[in-house]
**Student:** 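Quick one: this structure, given as structure tokens, is what I'll be asking you about.
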Amino acid sequence: MNRRKWLTLLSVLVILSFVLTACGAPAPTAAPPAEPTKAPAPAPTKAPEPTKAPAAAAPAGKYTEAPMLAELVKAGKLPPVDQRVSADPLVIKAIEEIGQYGGVWRRAWKGPADFHAYGRLNYDPILRWPRNPKDAVQPGLASKWEFSPDGKSITLFFRKGLKWSDGQPWTVDDIIFWWEDIELNTELTKAPHAEWVVNGKAMTLKKIDDATIQMNFDGPNGLVERMLAFHGNQWPLNFERFGAFAPAHYLKQFHPKYNKDIKDFKLFNEKADDLSPGRPAMTPWTVKTFKPGDAKLIAERNPYYWKVDEKGQQLPYIDQIELSLVENNDAIAAKALGCEIDMQFRNMDLRKFPLFKENEKKCDYRLFRWASASGTNLALWPNQSYAEDPVLRDIFQNKDFRIALSYAIDRKKINAIAYLDQGVIRSEMVVPDSAFYVPEVENLYTDFDPKKAAEALDKAGLKMGPDGKVRLRPDGKPLEITIETERSGTDLDALQLITENWNAVGVKTALKSMTRDAYWPRATGNQVQIAVWGTDRGLEPFVDPIYIFPFDERSWMAPAFGVWYKTGGKEGIKPTGKLAEVQGLFDQFKLTIDQKKQLDLGKQMIKTAVEEAWTIQTVGMSPVPVIVKNNFRNVPEKFTQDWIIMSPGTLEPSHFFFKK
């Protein structure tokens with residue numbers, strides 16, 4: 001064999017070896033399945049190891065994309081997919097199966113005030129809540145993070161090569177811009193949000209490089225990890241005004257600091273809004289067309305999205321989201337019954353479950369029931385800081401009185417009247433899927449037992465009056481209380497039943513219903529005797545623990561005590577006893593980064609709150625109907641949903657797909 005033929009054969013063999021290697025290249029590893037995990041043991045002598053992304057990146061040159069994007073690449077309007085996906089994308093493990101590209105996801109909403117109908121589909125913060133709520137916080141835009149040994153600093157390491165939806169680089173300068181020009185700007189943010197303040201001092205930032213930043217606090221910040229999953233999204237999260245980064249390259253042109261022709265923040269706020277077409281985002285879809293009053297909002301896939309599936313296919317699978325504007329929940333149900341909803345649970349009425357069930361075959365959908373993370377749908381709070389009647393306030397502060405009110409409630413009848421017997425009678429604010437669940441107090445004081453209620457009222461010193469119908473206060477006056485609410489429909493029917501239950505044991509009770517606009521300032525202003533609300537946050541109660549203890553003016557077991565805690569004693573009324581003790585426990589919770597210690601403190605707070613009956617629970621965890629077209633995949637049949645984890649955001653809607 002001559003030299004030329006030998007070299008030719010050698011070249012062929014080398015090329016063949018490359019081909020075989022490429023064909024056998026391993027697929028990117030996926031995030032491990034979500035399974036309950038125990039809290040890690042404390043590491044008192046050194047900082048925890050950096051939390052790392054659970055999945056490896058797909059090999060370079062192995063990414064594929066949606067056909068609509070491939071056409072744009074072919075036309076020279078987009079760079080190749082390998083140049084658009086970050087160097088270490090988040091790899092999403094499928095709930096059911098690897099998906100297929102294409103389709104328009106049809107949903108219904110009630111307009112911009114119903115923002116979460118759109119926003120929760122685009123849950124992409126710096127860190128993420130896990131699929132399984134008992135697991136630890138997961139990587140998001142940041143692939144790993146680490147605390148300093150003293151807990152005063154957290155360093156965030158972001159994925160290399162992240163890009164905004166317009167193709168511009170995402171860097172930690174987008175965090176610095178948010179902090180310096182939005183969060184610390186009093187014309188945009190009245191004061192820095194509590195998660196960024198320790199010991200009364202706002203955090204400081206240290207840029208390490210374009211993909212690494214350090215957040216520094218005046219003391220240990222045990223909440224920051226949770227808050228980066230809860231509020232670590234792109235600012236402003238529409239009208240809620242939370243966030244931790246913003247597109248500096250885009251928004252600076254509308255900011256008076258950087259554009260001297262701009263005199264106020266009106267245009268800035270309009271352009272920054274999550275529903276503003278053209279505003280860059282880091283989410284799977286971005287708004288393509290919408291203005292207030294439009295019959296539809298159209299959102300389209302982000303060509304620079306930074307997540308892929310296990311085969312290296314860039315997400316999302318679905319091309320567009322279409323939100324049709326309707327007036328109310330009945331109209332949303334009508335859309336579902338008219339076969340015009342592909343997948344939705346938001347604003348689906350449980351009372352219409354039988355109708356939805358009848359329509360399954362006609363509309364070719366599956367009807368799931370997702371558990372709710374509401375400890376209760378109707379909670380009642382005797383106001384222990386009520387100032388307008390000191391005698392009544394003392395009665396509300398009596399534990400035996402609160403226990404008596406609980407025993408007097410016929411929860412089984414409430415479940416039948418309001419929740420089609422689908423709810424769960426319970427006394428705990430958190431749900432069993434929460435890491436903070438305390439099983440031994442699940443049903444404390446929930447028996448319908450008028451005799452026990454009467455005994456507890458006697459023990460509280462509230463003896464029956466001479467008429468044998470109404471008990472007397474310590475000052476000799478009839479014991480009369482008022483429940484105030486903004487509820488309507490079957491919830492109001494349930495409250496009427498509670499009113500009758502309490503009257504039956506000698507607590508003369510009136511029920512006043514009003515609009516939310518009228519009710520809210522009265523309840524937060526410490527003017528309501530018995531307030532009514534629901535207790536959501538049942539998976540993650542301590543990012544906003546208003547139902548556990550007097551945290552702020554929304555803690556209606558004692559709003560004035562909550563104001564005292566919120567303002568560091570500058571306003572409100574100082575609590576005593578168990579209420580003060582639990583405020584102290586939460587202070588400890590905030591000052592540790594030891595997850596096991598946080599878990600122990602959290603359970604202690606939950607247990608005390610239930611034992612003291614500060615919040616009188618009724619029926620919770622009532623399921624929500626979920627409409628899912630039969631060809632709409634990667635949606636689990638069993639799931640516990642809650643707004644605080646941005647459901648269905650933790651399920652990664654970017655990997656939902658239409659099966660062909």
Side-chain angles (χ1 to χ4, degrees), residues 378-411 413-414 417 427 445-487 491-514 518-519 521-533 550 556-561 573 575-579 612-618:
L378 283 178
L380 299 104
W381 284 278
N383 181 359
Q384 297 185 57
S385 65
Y386 186 62
E388 296 181 21
D389 187 336
V391 175
L392 205 52
R393 179 190 62 217
D394 290 345
I395 292 171
F396 292 158
Q397 290 180 358
N398 190 307
K399 177 180 176 180
D400 291 314
F401 174 74
R402 300 191 299 272
I403 291 172
L405 293 184
S406 187
Y407 276 132
I409 296 174
D410 187 347
R411 291 169 172 84
K413 191 172 286 188
I414 289 174
I417 289 173
S427 58
Y445 318 132
T446 58
D447 293 338
F448 176 46
D449 195 331
K451 183 179 178 181
K452 281 186 179 179
E455 291 171 353
L457 289 168
D458 289 340
K459 189 176 178 182
L462 302 167
K463 304 301 181 184
M464 187 64 76
D467 63 358
K469 294 181 179 179
V470 180
R471 291 177 179 267
L472 301 178
R473 305 178 353 160
D475 59 2
K477 295 180 181 179
L479 176 55
E480 299 177 350
I481 63 175
T482 301
I483 300 171
E484 294 189 30
T485 185
E486 44 72 64
R487 297 297 177 94
D491 281 347
L492 199 59
D493 294 338
L495 288 169
Q496 187 61 54
L497 175 63
I498 292 172
T499 300
E500 294 169 5
N501 291 158
W502 288 356
N503 276 305
V505 294
V507 180
K508 189 174 181 180
T509 307
L511 176 62
K512 287 177 62 176
S513 179
M514 61 196 74
Y519 173 72
R522 284 185 55 76
T524 57
N526 201 40
Q527 297 173 293
V528 175
Q529 295 176 11
I530 308 285
V532 177
W533 203 252
W556 293 335
M557 76 283 288
F561 296 167
I573 301 171
T576 57
K578 294 285 187 180
L579 289 168
E612 293 295 313
W614 294 332
T615 303
I616 299 175
Q617 305 277 106
T618 55

**Student:** Can you see which heavy atom on S406 is nearest to which on Y445, and at what distance?
**Tutor:**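 Scanning both residues completely, I find the closest heavy atoms to be OG-O, 2.7 Å.
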**Student:** Check this for me, if you would: do K469 and D467 make a salt bridge, where the nitrogen-to-carboxylate-oxygen distance has to be below 4.0 angstrom?
**Tutor:**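 Salt bridge between K469 and D467, a charged N being under 4.0 Å from a carboxylate O: no.
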**Student:** What's the verdict on side-chain contact (heavy atoms from CB on, under 4.5 Å) for I395 and L462, showing C-alpha distance, side-chain angles and the deciding distance?
**Tutor:** CA-CA 9 Å; I395 292 171; L462 302 167; 4.0 Å; yes
**Student:** Taking the side chain as every heavy atom from C-beta outward, state whether M514 and R522 have any pair of such atoms under 4.5 Å apart.
**Tutor:**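 A side-chain contact under 4.5 Å exists here.
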**Student:** Restricting to non-hydrogen atoms, name the atom on V470 and the atom on K508 that form the minimum distance, rounded to 0.1 Å.
**Tutor:**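 Of all heavy-atom pairs spanning V470 and K508, the closest is CG1-CB, 4.2 Å.
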**Student:** Decide, yes or no, whether a salt bridge links K477 with D389 under the criterion of side-chain N to carboxylate O below 4.0 Å.
**Tutor:**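 A salt bridge is absent here (no side-chain N lies under 4.0 Å from a carboxylate O).
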**Student:** Enumerate donor-acceptor pairs with a distance under 3.5 Å from any side-chain N or O in residues 526-533 to protein atoms, sequence neighbours excluded.
**Tutor:**
| unit_1 | atom_1 | unit_2 | atom_2 | d |
| --- | --- | --- | --- | --- |
| N526 | OD1 | N383 | ND2 | 3.0 |
| N526 | OD1 | S385 | OG | 2.8 |
| N526 | ND2 | S385 | O | 2.8 |
| Q529 | OE1 | T482 | N | 2.9 |
| Q529 | NE2 | Y386 | OH | 3.4 |

**Student:** Quick one: CD on E612 to CD on Q384, what's the gap to the nearest 0.5 Å?
**Tutor:**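 Answer rounded to 0.5 Å: 8.5 Å.
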**Student:** About how many Å separate OH of Y407 and CG of N501, when rounded to the nearest 0.5 Å?
**Tutor:**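 So the CG of N501 and the OH of Y407 are separated by 15.5 Å.
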**Student:** Is the side chain of T509 donor-acceptor paired with the backbone N or O of W502 at a distance under 3.5 Å, no angle test?
**Tutor:**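 No, T509 side chain to W502 backbone: no donor-acceptor pair under 3.5 Å.
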**Student:** Treating R402 as the side-chain partner and I616 as the backbone partner, does any N or O pair qualify as donor plus acceptor under 3.5 Å?
**Tutor:**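 Answer holds: no.
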**Student:** Measure centre to centre between the rings of Y519 and W556, then say whether the value is under 6.0 Å.
**Tutor:**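 When the ring centroids of Y519 and W556 are compared, they turn out to be within the sub-6.0 Å range.
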**Student:** Could you walk me through whether L392 and L479 satisfy the side-chain contact (heavy atoms from CB on, under 4.5 Å) test, starting with their C-alpha distance in whole Å, then the side-chain angles of each, then the deciding distance to 0.1 Å, before giving a yes or no?
**Tutor:** CA-CA 8 Å; L392 205 52; L479 176 55; 4.1 Å; yes
**Student:** Table please: side-chain donor-acceptor pairs of residues 448-459 below 3.5 Å, with sequence neighbours left out.
**Tutor:**
| unit_1 | atom_1 | unit_2 | atom_2 | d |
| --- | --- | --- | --- | --- |
| D449 | OD1 | K451 | N | 3.2 |
| D449 | OD1 | K452 | N | 3.1 |
| D458 | OD1 | R471 | NH1 | 2.8 |

**Student:** Tell me which donor-acceptor pairs under 3.5 Å the side chains of residues 491-499 have, and how far apart each pair is, sequence neighbours excluded?
**Tutor:**
| unit_1 | atom_1 | unit_2 | atom_2 | d |
| --- | --- | --- | --- | --- |
| D491 | OD1 | Y419 | OH | 3.1 |
| D491 | OD2 | R487 | NH1 | 2.9 |
| T499 | OG1 | L495 | O | 2.9 |

**Student:** Give a yes or no on whether the backbone of L378 and the side-chain of T618 come within a donor-acceptor separation of less than 3.5 Å.
**Tutor:**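 Yes: the side chain of T618 pairs with the backbone of L378.
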**Student:** If you compare all heavy atoms of A523 against all heavy atoms of P559, which two are closest, and at what distance to 0.1 Å?
**Tutor:**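 Looking at all heavy atoms of both residues, the closest pair is O-CG, 3.6 Å.
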**Student:** Any side-chain to backbone donor/acceptor pair from R411 onto D447? Under 3.5 Å, distance only.
**Tutor:**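 A pair under 3.5 Å: no.
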**Student:** Mind listing the closest non-hydrogen atom pair of T615 and A379 along with its distance?
**Tutor:**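 Scanning both residues, the minimum pair turns out to be CG2-CB, 3.8 Å.
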**Student:** Can you see which heavy atom on W614 is nearest to which on W381, and at what distance?
**Tutor:**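 Residues W614 and W381, closest heavy atoms: O-CD1, 3.4 Å.
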